[in-house]
Amino acid sequence: MDAAEFRRRGKEMVDYVADYLENIEKRPVYPDLEPGYLRSLIPNEAPLEPESYEDIIKDVERVIMPGVTHWHSPYFFAYFPAASSYPAMVADMLCGAIGCIGFSWAASPACTELETVMLDWLGKMLQLPECFIAGTHGRGGGVIQGTASEATLMSLLAARCKAVRRVQAINAKKSESEILSKLVAYTSDQAHSSVERAALIGAVMMRKVPTDNHYAVRKEMLKKMVEEDKAAGLIPFYFCATLGTTPSCAFDHLTELGPLCNEENMWMHIDAAYAGSAFICPEFRPLLNGVEFADSFNFNPHKWLLVNFDCSAMWVKERADIIGHWQIPLGRRFRSLKMWFVFRMYGLKGLQAHIRKQVALAKEFESLVRADKRFEICAEVVLGLVCFRLKGSNELNQELLKRITKSREIHLVPCQLSGRFVLRFAICARSTESHHIQQAWQHITQLTFELLQEASH
Ligand code: PLP
């Protein structure tokens, strides 16, 4: 493909993408396939001779699309959203064209500098304390990670390093391995699995803090565990708080937990992977109160802020704590271009409108559920996630979800809350409107009607 063909094919691809997204709701949201479907559809080996572009494009519809779960369908309500917008997509094309590996300032000054400034812009949108903003007198700053999992791991490794140095400053004879064997990290029993994985990779112990009946960590529970561990000769060094847990979007009590972590010399990291985007709205910003006590904070603009995957924003209070290991890979893509395009084309007001609209849709769905006495709401609806279930057994709810999945008209995933099987309904696609919510609910109630009829016979 030379430049002339690229111009032609590139424009065709833009049309294909726009058609795909404009008509996405006509496609079944979830594939109807068995695992292993793809291998038989393509050759066993790469072609020896070049193939034509036409042949490849034909295979996109034949091989790929049948196996796609359409995350940007307005009928997709599973997991948490994956952000998508046209400004981010065109910026990504430019990122591909520049194709730099921005591992140092000299390797591509614009890549390094735009990232720092975009993290400042975003930090200011969230009203982060000045100490996290690079272009101030503070000693902090932001960096783009690929995922929240990487941000958690980076924070844990930085905290581990700091804890080892602190212990050795008092007792120089203690070996690093001896100290590591005594370090304990903590997180909520509702935390994402990536937090536990960070401790596994960091080779430190991690304890799960039981949550209250709103699925949130409170100070007393953490304090009790920290005291027990200190009495046993262990060294508490890290706590990962969650704002917006994956199962139910619960919020740990930062204003209680933060001072405790500071008193105990424990690094506090905040994982707000999904919920963080909402904090750009003044009405949701109080959920972030207590961030001033944190050593690091992270959320995913690639979940809910219209910046396509991957773009996970992380800030630290002390750059010096993570210098030398800002990230796991050496190479970095020019991801801040996506933020720059999106922030400028939507403006803060446009981004806030997106969040508010999706929260309102979740509230709309919540009202539909509450109005139907066969169902119950299982956790407070704060942002764009509704946890609900049929009153009755776990088996009944499992069967309902099985039928929903099989119908392929809408897509949801479950979670466990207090041992109960719960359906999660997350507002995901940018194109989801009220009529999609109404239709989704109609579909759920129709399947429920059939299920309960059968159960009563
Ligand atoms: N933390 C929370 C609270 C999440 O909900 C998720 C994913 O949904 C993650 C972390 C993992 O995010 P990532 O895929 O960016 O690592």
Side-chain angles (χ1 to χ4, degrees), residues 69 71 76-84 88 122 142-157 185-202 206 208-209 211 214-217 238-252 254 257 268-279 284 287-288 291 294 296-315 327-329 332-333 335 338-339 358 362 379 382-387 411-417 422 424-429:
T69 301
W71 280 63
F76 181 92
F77 303 105
Y79 315 106
F80 273 139
S84 171
L122 185 53
V143 60
I144 303 176
Q145 305 283 354
T147 59
S149 311
E150 288 164 61
T152 303
L153 176 60
M154 293 318 306
S155 68
L156 182 124
L157 294 179
Y186 304 85
T187 196
S188 155
D189 63 11
Q190 300 290 306
H192 190 263
S193 57
S194 54
V195 183
E196 199 171 359
R197 206 164 52 228
L200 263 175
I201 299 169
M206 174 158 272
K208 296 278 184 71
V209 188
T211 46
H214 297 285
Y215 307 106
V217 176
Y238 176 89
F239 172 61
C240 177
T242 312
L243 295 182
T245 58
T246 318
S248 68
C249 201
F251 293 81
D252 290 343
L254 287 192
L257 295 159
M268 182 163 82
H269 175 67
I270 301 172
D271 171 9
Y274 162 71
S277 298
F279 306 151
F284 299 123
L287 294 166
L288 184 59
V291 64
S296 51
F297 167 69
N298 166 250
F299 84 98
N300 287 348
H302 72 230
K303 276 194 161 56
W304 206 14
L305 212 58
L306 298 168
V307 181
N308 287 54
F309 190 79
D310 56 340
C311 179
S312 184
M314 177 187 191
W315 291 265
Q327 57 178 19
I328 296 162
R332 44 183 33 256
R333 297 196 311 127
R335 291 180 285 213
K338 292 185 286 200
M339 300 172 99
Q358 297 218 317
V382 181
L383 300 173
L385 175 69
V386 183
C387 290
H411 191 47
L412 314 182
V413 291
C415 70
Q416 288 280 337
L417 288 175
V422 168
R424 285 171 84 267
F425 187 94
I427 308 298
C428 290

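Ligands are counted one by one from 1 in listed order, and the atoms in each one are counted from 1 as well. These figures come from a predicted structure and were not determined experimentally.
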In terms of residue, atom name and distance, what is the protein heavy atom nearest to [atom]?
atom: atom 16 (O) of ligand 1; result: Ser149 OG, 2.4 Å
atom: atom 6 (C) of ligand 1; result: His192 CD2, 3.4 Å
atom: atom 4 (C) of ligand 1; result: Thr246 OG1, 3.3 Å

Worksheet item: Does a side chain donor of either Ser193 or Glu196 reach within less than 3.5 Å of an acceptor in the other side chain?
Response: no
Discussion item. For the residue pair Asn300 / Ser312, report whether a side-chain donor-acceptor contact shorter than 3.5 Å exists.
Written reply: yes
Response to the item:
If we number the atoms of ligand 1 from 1 as shown, the ones under 4.0 Å from a heavy atom of Gly244 are 3 (C)
Practice prompt. Give the minimum heavy-atom separation between Leu243 and Ala275, together with the two atoms involved.
Written response: O-CB, 3.5 Å
Worksheet item: Counting only heavy atoms, which portion of Asn300 has something under 4.0 Å from ligand 1: side chain, backbone, both, or neither?
Response: side chain
Discussion item. Quick check: Phe425 with Phe77 (ring centres under 6.0 Å apart)?
Written reply: yes
Fill in: Sub-6.0 Å ring centroid separation between Trp71 and Tyr79
yes
Item to complete: Would you tell me which option among Arg197, Lys303, His302 has the nearest heavy-atom contact to atom 12 (O) of ligand 1?
Response: Lys303
Item to complete: Compare Leu243, Thr147, Thr242, Asp271 and give the one whose heavy atom is closest to atom 10 (C) of ligand 1.
Response: Asp271
Discussion item. If the condition is side-chain contact (heavy atoms from CB on, under 4.5 Å), which residues does Cys428 pass it with, not counting sequence neighbours?
Written reply: Phe76, Pro81, Ala426
Worksheet item: So, is Phe80 polar-close to ligand 1, with some N/O to N/O distance under 3.5 Å?
Response: no
